[in-house]
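Residue numbers begin at 1 in each chain, while the letters A, B, ... track the order of the sequences.
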Amino acid sequence: MKRSGFPRTYDLIWEAVRLVPRGKVASYGEIAREAGLPRQARLVGYALHALPDSSGVPWHRVINAQGKISFPPESVAFRTQCRLLRKEGITVNRGAIDMRKFGWLRQQE
DNA sequence: AACGTGACAAGGC
DNA sequence: AGCCTTGCCACGT
């Protein structure tokens, strides 16, 4: 990543990710909207990839619109994300997240 | 400065 | 249900 000074779009995205409460997840698209960048879900993935480790941003709560983890199933990142989610009480099987935990605003439960 | 590449999404077949 | 296309836009070559 590259910090060049003024408000980068990544900051907006990271800020939005911080809003996702423990025990809930949100999609890349939702994060993009919340960050004021509608239809730029792709950018969210890019921004998370550029995230420094010690940021405290709950990146693991962001999953794709199909309700699944967007990492190759056997990757280290995939397993890490599973572990972090389960630690928050979210059930994950084969990368699929319990949809009842989806969305942190306008909850459907 | 153009071009390909992404932890995506939505729509068409 | 899959697979392909298009929209998107910051980054590294």
Side-chain angles (χ1 to χ4, degrees):
Chain A
M1 57 173 249
K2 227 172 221 209
R3 319 281 35 216
S4 62
F6 61 94
R8 332 230 35 249
T9 63
Y10 285 4
D11 294 318
L12 298 172
I13 291 168
W14 296 338
E15 189 49 43
V17 175
R18 275 185 225 281
L19 299 176
V20 185
R22 249 184 71 91
K24 297 268 181 186
V25 296
S27 71
Y28 294 89
E30 285 179 294
I31 296 296
R33 278 201 307 274
E34 190 65 19
L37 304 164
R39 270 166 251 97
Q40 293 181 202
R42 239 180 146 152
L43 209 43
V44 175
Y46 209 85
L48 292 184
H49 190 226
L51 198 59
D53 299 326
S54 48
S55 63
V57 173
W59 60 271
H60 58 283
R61 296 178 192 146
V62 185
I63 61 178
N64 66 30
Q66 285 79 56
K68 297 194 293 187
I69 290 178
S70 286
F71 279 118
E74 299 313 317
S75 65
V76 177
F78 178 95
R79 284 190 284 268
T80 302
Q81 187 166 12
C82 278
R83 182 173 52 73
L84 291 172
L85 288 173
R86 290 183 174 132
K87 198 165 64 178
E88 301 188 351
I90 296 173
T91 50
V92 187
N93 36 2
R94 303 198 310 299
I97 275 69
D98 178 357
M99 291 305 271
R100 290 174 303 180
K101 310 288 184 177
F102 207 92
W104 75 96
L105 49 131
R106 57 203 296 117
Q107 205 39 32
Q108 57 239 321
E109 286 295 313

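One can place OH of Tyr10(A) at 5 Å from C1' of dA10(C), the figure rounded to the nearest angstrom. Counting to the nearest Å, the P atom of dC8(C) and the CZ atom of Arg33(A) are 16 Å from each other. Spacing between atom CG of Leu43(A) and atom P of dT5(B) amounts to 18 Å, rounded to whole angstrom units. For Leu48(A) and dC8(B), the CG to P distance is 10 Å, given to the nearest whole Å. Rounding to whole angstrom units, CG of residue Leu37(A) and C1' of dA9(B) are separated by 15 Å. If you take CD of Glu30(A) and C1' of dA7(B), they are 16 Å apart, rounded to a whole angstrom. Atom CG of Leu51(A) is separated from atom P of dC11(C) by 14 Å (rounded to the nearest Å). Atoms CD (Glu34(A)) and C1' (dA9(B)) sit 18 Å apart, rounded to a whole Å.
Residue Arg61(A) is tested with Arg18(A), Arg22(A), Gln81(A) for a side chain to side chain contact (heavy atoms under 4.5 Å, CB included); the sole match is Arg22(A). Just one residue in the list Val57(A), Ile69(A), Ile31(A) forms a side chain to side chain contact (heavy atoms under 4.5 Å, CB included) with Val62(A), and that residue is Ile31(A).
Nearest nucleotide to the side chain of Ser27(A), out of dG6(B), dA7(B), dA9(B): dA9(B). For Gln40(A), whose side chain is taken as the heavy atoms from C-beta onward, the closest listed nucleotide among dA9(B), dA10(C), dC9(C) is dC9(C). Here the nucleotide nearest the side chain of Trp59(A), chosen from dC8(C), dA7(B), dC11(C), is dA7(B).
Counting non-hydrogen atoms of other residues, nucleotides and ligands closer than 6.0 Å to CG of Asn93(A) gives a total above 12. Dense packing is recorded around CZ of Arg79(A), with more than 12 heavy atoms of other residues, nucleotides or ligands lying under 6.0 Å away.
Nearest-nucleotide positions on DNA chain B for Asn64(A) and Tyr46(A) put Tyr46(A) closer to the 5' end.
Salt-bridge annotation for Lys101(A) and Glu88(A): absent, with no side-chain N of the basic residue lying under 4.0 Å from a carboxylate O of the acidic one.
dA1(B) and dC8(C) have their P atoms separated by 22 Å, given to the nearest Å.
Judged by atom type and distance alone, Tyr28(A) reaches the base of dA7(B) through a side-chain donor-acceptor pair under 3.5 Å. No donor-acceptor contact under 3.5 Å links the side chain of Arg39(A) to the base of dG7(C).
The aromatic rings of Tyr46(A) and Tyr10(A) are tilted relative to each other, their planes meeting at an angle between 30° and 60°.
By the criterion of side-chain heavy atoms lying less than 4.5 angstrom apart, applied directly or through intervening Ile, Leu, Val, Met, Phe, Trp or Tyr residues, Met99(A) is grouped together with Tyr28(A) in one hydrophobic cluster.
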Output field dot_bracket for DNA chain C (Watson-Crick or G-U, both distances under 3.5 Å, | for other-strand pairs) contains .||||||.|||||
